[in-house]
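Here is the structure we will look at, set down as structure tokens.
All figures in this text were calculated on a predicted structure; none of them were measured in a lab. Every chain is numbered from 1, with letters handed out A, B, ... down the list of sequences.
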Amino acid sequence: MNDMTPEREERSANLKGLGCSRKRVEDARFTQGKGNYVDDVKMPGMLHGDFVRSPYAHARVISINKDAALALDGVVAVLTAEDLAPLNLHWMPTLAGDKQMVLADGKVLFQGQEVAFVVARDRYVAADAVELVEVEYEELPVITDPFESLKSDVVLREDLAGQTTGPHGPRKHHNHIFTWEQGDVKATNQVLDNAEVVAEESMYYHRTHPCPLETCGCVASMDKVNGKLTLWGTFQAPHVVRTVASMLSGIEEHNIRVISPDIGGGFGNKVGVYPGYICSIVASIVTGVPVKWVEDRMENLMATAFARDYWMTGKIAATKEGKITGLHCQVTADHGGFDACADPTKFPAGFMNICTGSYDIPVAYLGVDGVYTNKAPGGVSYRCSFRVTEAVYFIERMIEVLAIELNMDAAELRRINFIKKEQFPYQSALGWEYDSGDYHTAWDKALKTVDYEGLRKEQAEQVAAFKRGETRTLMGIGLSFFTEIVGAGPVKNCDILGMGMFDSCEIRIHPTGSAVARLGTISQGQGHATTFAQILASEIGLSADSITIEEGDTDTAPYGLGTYGSRSTPVAGAAAAMAGRKIRAKAQMIAAYLLEVHDDDVEFDVDRFVVKGVPERFKTMKDIAYAAYNQAIPGLEPGLEAVSYYDPPNMTYPFGAYVCVMDIDVDTGVPEIRRFYALDDCGTRINPMIIEGQVHGGLTEALAVALGQEIAYDKMGNVKTATLMDFFLPTAWEVPNFETDHTVTPSPHHPIGAKGVGESPHVGGVPCFSNAVQDAFRPFGLRHTNMPHDHWRIWQTANDLGLHE
Amino acid sequence: MIPAAFDYYRPKDVEGVIALLQEHGDDARVLAGGHSLIPMMKLRMAEVPHLIDLQDIAALKGITIDQDTITIGAMVSQHELINHDGLSAAAPILREAALQIADPQVRYMGTVGGNIANGDPGNDMPGLMQCLDAQINLLGPDGSRTVAARDYYEAAYMTDREDDEILISVVFTAPVGGFAYEKQKRKIGDYATAAAAVQIAKVDGKVASASIAMTNLSDVPVWSQGAADELAGSVCETATLKAAVAAMLGDIDPTEDNRGPVAFKRHVAGIILTRAITRAWDRA
Ligand SMILES: Cc1cc2nc3c(=O)[nH]c(=O)nc-3n(C[C@H](O)[C@H](O)[C@H](O)COP(=O)(O)OP(=O)(O)OC[C@H]3O[C@@H](n4cnc5c(N)ncnc54)[C@H](O)[C@@H]3O)c2cc1C
């Protein structure tokens, strides 16, 4: 039944299923200001919370005097660690197996740390009261450098004194958190010792921040009559929040309802648990009325989860011809005052061990040391799967450095080292099984489209003109080829706080042939309500327009691990397809009954079951849905519903080939992006328009990170970039036109072959922009310079190379 | 980012404003477009118990061009500067500069008076007014007085204006010759890393007179007479540009911030000025 007659094609198009660039159903409300975000939740008698935060990066808290604040009209309570201690809520567990102060317990470890929580009649009174809380501090020595931290006598975490073992094994020093090692260090060192060529480079992937447009917040409402706690919040994983809230508060899980309403972007920032949530819950329990807490922009940038802050040293071994023979990667990871990374439990450095990239590297070693400093906690995956941006940046820089070492073209060096199509499924030296890929085809297509050879020729002419003094502009050609690892993940090795990282979908078909489906994920702008309906439309033969997707309410949605790490389509999308197939299986029996034939004598055809060989005898899915509710069918229960919990057999491995052409003003350090080409292979393409939107968004954030977005601290631990004046959030003005392209290499293990795309452009984009800057200076001897490439740093690079008079 | 409580006033005339300023002294501030003041209040860096909104005062509005005398009311928005045809013809440097201030949303609200009165070294209008040799009209309890923009700025956020005075308008003679406002910034909505305002009058193929002012390179705008003097009588050849840049570098005193270290800023200041002079000369 595979031949597409025009009639079938029309029926298929009407479904708006897989492959349809259906407009986002969410956008009607978002573009008209009709979204419903946490701060839109307003309840009678609701109180407002606000934090007193530490101005110091490291200090002892000598005393806290609440009297003046409490005396202010409208102030209901001021909570401190002392108030939370009897409930044992002055500390909370982190996703990384550490614990974190909810409110300062004797000392503070970073600027902006939560010290006291003011609860007041309105947001204005709360802010006034914050100023009236008198906190006496005694400053302590500040450490903002992880290497210094590992040598320092200063003990940052006194609560861990004497603990020589942490959740991830031995601790080497009182400021050390963990060592995580992957691969074969001996074999790797042997290869390095005997290699024809070794390229070595140290690089710093600076600290930045996901900075979603909507900051974090919640509303906690404890109903003392029925004993139920309702929690609205900006949660990327609402079910996990429910479980954690239950464990911490002792309230039984069925009495807690967690709701993630519309979320204005997450990018990893909204995965973890923040003190504001705990304080709001406690305040609501104490006062018996709802309590809202919504942080402001500065609080978001200063205190909620940052991303990156990885010091990486690489050694890459190769033959003289450029065949890579081994890779060594050593990382010192700055985790700030508490280890609050959001990674699957067994992966304290996330999936950093994807750092062999897209290349067939026979032996490799990765070692990561986590370190405490006086900076904000976090280390989340900002628009990437766990630490995958770090890994891809690392390998894509190492490739460039090796190309310099070999005096070789970096595109060619990549080509000769790519894993070949026939090597998939491919076992990487650091333990992953890449599901599918066709890197050479993608690379060739990308290079051909941009006329790579022509670009190199033009660049050489530009360099010659520069040397002759005819121009002050240099041209950079940025290349990157990335392989992501997304869709965490198999329950056997992936969990968050003990919860396996499966996901789920529950479908109910209504009698008149429409449906509602609920999933354990939560959209933050990804367009789930649009794409998941498309997956189901193709599976169950009802139009996507007739399928409502709901997420984010733990009272109605099946348990799931939430949305981050591009896991929604690989995991929940698979659950949707599997649930759809259960519906279809039952529908087949109903259809056979209605058509009075054997189950095996009917087959699915777009939107109906037909009697094999007799296409005029059929029952549409609408007919079948109705029959499920109005007929007594022997041997079948009434109704048409299904649930699927999907435990993915493997991760998915999207990949892509990016090229950036940049012109750099050597005198001012201003880069101009002339062209950006992005080829993405995310397997089966569900909605090309949404994919394109995701690519544009991810590239925009990649541009930000590569060209200036940074959380910078001074030596005293003061955050220098806590407002959007200094923290770079690009606008339409700074963002170039992006050209998008694709190849399609389906995942062999995913029910519909889809791989996830929301983060690929960020992962591949950052090294591409960075490589463009660095490539411009390669003819003048540059090997490597750290991001962010803002004006002054680019200028500094040129200056250091002697390119200014 | 929640401001402390304040009382809000909206007088209909300047006399009403002066009376309120006298009554509340230090505790009162006027509000123009609010795009410098309100962020400061939200950060609680400015505590303003009495906020006097100037929006309803007709006398502070409007642009008049009388022969070659241009008067701009304090409450004229940056958006109006950009869209005023007569002004764009008479003093095109204003449009070129205003287009480089922030973004359209800010420019709809931000005013010329607020930008000049604010005293933030990052503001673009003060340097521009020094370049144009504008006169600033102030009104206080003792009547009105005029101060040259070149004498107005004392230090960051410190100006010649008394607390109970308000800025009524700025007046300047329509410039002749070529002009350029050149600004380097990190992104839209950012203040200058370095900016230069240049006016050049050309007679007989040579620079007859020039005026040069730099922005965000000191705690006040820097009008560089030395740089302008270097240009006088020249044809803006490379050596002259270098001399002008050297003179300007003697007048500025940038500090390190997130935009970069001092050496970078000084270098960029030289490049920006060179480009501004070149463009102004081309247009002269
Ligand atoms: C994101 C952003 C980016 C910006 N970028 C730039 C930029 O690149 N360049 C630039 O120049 N500006 C920039 N600005 C500032 C903007 O132009 C402001 O609008 C301007 O500085 C102040 O004008 P205002 O009318 O908003 O004044 P207000 O904020 O209302 O007032 C500023 C100060 O001036 C005083 N004041 C105002 N009017 C008078 C008066 N008539 N008499 C006496 N005192 C008065 C006020 O009391 C206050 O102290 C930016 C602002 C923002 C928010």
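- Atom CE of B/Met1 has more than 12 neighbouring heavy atoms from other residues, nucleotides or ligands inside a 6.0 Å radius.
- Annotation: side chain of B/Tyr191 is in contact with side chain of A/Met725 (closest heavy-atom distance under 4.5 Å).
- Residue contact with chain B, scored on non-hydrogen atoms closer than 4.5 Å, involves the side chain of A/Glu131 exclusively.
- Here the side chain of B/His267 pairs a donor or acceptor atom with the backbone of A/Asp667 at under 3.5 angstrom.
- Taking the charged nitrogens against the carboxylate oxygens, A/Asp128 and B/Arg44 do have a contact shorter than 4.0 Å, which makes a salt bridge.
- The neighbour count for B/Glu154 CD, taken as heavy atoms of other residues, nucleotides or ligands under 6.0 Å away, is above 12.
- Using a 4.5 Å cut-off between heavy atoms, A/Arg793 makes no contact with chain B at all.
- Both the backbone and the side chain of A/Thr668 come within contact range of chain B, each with at least one heavy atom under 4.5 Å from a heavy atom of that chain.
- If you measure heavy-atom distances from B/Lys42 to chain A, you find no contacts under 4.5 Å at all.
- Side chain of B/Lys187 to backbone of A/Trp733: no donor-acceptor contact under 3.5 angstrom is found.
- Residue with the most contacts toward chain A among B/Asp103, B/Ile188, B/Val268: B/Ile188 (heavy-atom pairs, distance under 4.5 Å).
- A 6.0 Å sphere centred on OH of A/Tyr124 holds no more than 12 heavy atoms belonging to other residues, nucleotides or ligands.
- Under a 4.0 Å N-O distance rule, the pair B/Arg186/A/Asp726 qualifies as a salt bridge.
- Rounded to the nearest 0.5 angstrom, B/Asp257 CG and A/Trp792 CH2 are separated by 11.0 Å.
- Atom CG of A/Asp122 sits about 9.0 Å away from atom CD1 of B/Ile2, to the nearest 0.5 Å.
- Heavy-atom distances place no part of A/Asp50 under 4.5 Å from chain B, backbone and side chain included.
- Using a 4.5 Å cut-off between heavy atoms, B/Ala263 touches chain A through backbone and side chain atoms alike.
- Looking at B/Ile271, only its side chain comes within 4.5 Å of chain A, counting heavy atoms on both sides.
- Using a 4.5 Å heavy-atom cutoff, the side chains of B/Leu43 and A/Met298 are in contact.
- The candidate with the highest count of non-hydrogen atom pairs below 4.5 Å against chain B, out of A/Lys720, A/Arg472, A/Glu299, is A/Lys720.
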